[in-house]
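This one's a predicted model, so the numbers in the text were calculated from it and none came from an experiment. A, B, ... follow the sequence lines: proteins, then strands. Residue 1 opens every chain.
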Amino acid sequence: MTQVATTTEIRELPYKDPEQGTGLMGWFKKVLYRLYIPNVLKGMMKTAEYAVIRPKATLLYPEVKRVTRKGYRGEHRLKQDEQGRMKCVACLMCQTACPAECIEISAGPSPWSDRDKVPVEFRIDLLKCIYCGMCEEACPCDAIELTETYTQVALTRDEKIYDLKRLLSN
Amino acid sequence: MNDMLWDWAWFGGKALVAVGILMTIAPLLTLAERRIAGFIQGRYGPNRVGPFGALQPVADLIKGVMKEQIIPENAERLLFVLAPVIVFVPGAFGFAVIPWGNAIGEHDLQVIDLDVGVLFVMAVLSVGVYGITLGGWSSSNKYSLLGALRASAQLISYELSLGLTMLLVIMMSGSVDLKDIVWHQVQHGWNVFGGSTWWGLPSGIVGCTLLYICALAENNRLPFDLAECEAELVGGYHTEYSGMSFLWWLFAEYVAMIFSASLITTLFLGGWDIPFVHLEEAPTVFGAVLSVASFLTKIITILMTYIWIRWTLPRFKYNQLMDLGWKGFLPTALVNIAVMAVIGVFLEG
């Protein structure tokens, strides 16, 4: 039978007073402790272990990029169906759901018969966006999605406002 | 006439090499400090500028020069500007009397051969604290002033033990000339191992350890960096400094470190001596180069342990620091000397 350690099990380490001890040996231990030097050397061995043996925590960024976990919420994207038509029907559900009010949609008549409207303009201000994913949840057509792109570079504020074309090409 | 010119040429050459040693090691040391700090903390440290970040000091220098140098309105302008330069004095002056290599022919590899080298070093070491005190006081900032006060109190209490350990070396070698001290060690064995006598071994080890720790305290390095204590005193005595002046502080600090490392090497670790290799018998160019390499190796090893200790230990509290200095080091140094002297009188008569 194997013994299974439960999470509730408490490991009690016996407390050792470094200055405790009796007789000559105890006195010697006390002196060694008060000298600091043995403990300093112990600490230096520890830092040497960190410096030489342990792996570095840093990612060398531009060369090595962090792989995002599944479901990471990055930049937005508008999906298209098999025929290359955008899925969005301009129902404004995402705009309503958005807590940061960063989505701005204006609807126009649809060129296709299966829906009434399509967005003429679809703007997301990424500087306002809090990447909560509410738009994704609210969408009845599964048309908007947060991708795993986490690098966003822009030189002006205007570049951070993504329009329909940009969102479709994402 | 020709001889005199030749002598001056030798003097100038040696001075250039000594300054070159300081000016090369000090910037590299700033890089080593940051890289080793990174390694110990699980990072890489600066590794972008040049191969392995080797050009980082150059980038730092360019940044420092380009930045605006702000002088506080109420500061004593002259002293404020002068202070980092004064800190530079002990390192640079002290290094002048350190013998950093075996002789080439008749010329010793030492810029100035002073008969009272040890005393000169003691005198020049105390100048360093003037710079720190002036810098802290002249920037008219209470935190800077507190840092400066701490630095001076600390240096006074540790300089005593430092002087006493130097006295030990003088007793072992029978000379106050740094060149003679090194020669004595070359011929009779290093002072850490007790110099010429077997019974000096414990005294040598204790003395060397004391000198090492006092050197840490003299340089305001961790665990004795109460003077700059960024948690309580913002940045201590160099809080108000910016741009090139701040770089001067750093640079002076590293030069002082190099000087103290070379002092430990000279006094206890045999100077330029290589054990079991008799360089002193062959004052050739090759032997001189070997001796300088040996000296530099020792210095750099000591400097690396400085850095290693800095990123390992936390800072002492002020009362602990004073306790250690006055109740720990001073009696130990005194007893050390007394033991050495008494045994010496009994055994050598």
- Item | Residue, of A:Val52, A:Val40, A:Ile37, that accumulates the most heavy atom pairs under 4.5 Å with chain B | A:Val40
- Message: Pair A:Met44, B:Ile309 - check side-chain contact (heavy atoms from CB on, under 4.5 Å), show working.
- Response: CA-CA 7 Å; A:Met44 286 171 76; B:Ile309 285 177; 3.6 Å; yes
- Query: With only heavy atoms counted, which part of B:Ile40 is less than 4.5 Å from chain A, the side chain, the backbone, both or neither?
  - Reply: both
- Task: Side chain from CB out, backbone as N, CA, C, O: work out which of these in B:Ile36 comes under 4.5 Å of a heavy atom of chain A, or both, or neither.
- Result: neither
- Item | Atom pair OH (A:Tyr36) and CD1 (B:Ile213), whose distance is rounded to the nearest 0.5 Å | 11.0 Å
- Query: So how far is it from A:Met45 CE to B:Thr312 OG1, rounded to the nearest 0.5 Å?
  - Reply: 9.0 Å
- No-hydrogen, no-angle side-chain donor-acceptor test under 3.5 Å, A:Thr47 and B:Trp311: no
Counting only heavy atoms not in [X] (residues, nucleotides, ligands), do more than 12 fall under 6.0 Å from its [atom1]?
X	atom1	value
B:Tyr318	OH	yes
A:Asp116	CG	no
B:Gln320	CD	yes

- Checked B:Pro223, B:Gly42, B:Gly328 vs chain A; the most non-hydrogen pairs under 4.5 Å come from B:Gly42
- Query: Of all heavy-atom pairs between B:Arg48 and A:Glu63, which one has the smallest distance, and what is that distance?
  - Reply: NH1-OE2, 3.1 Å
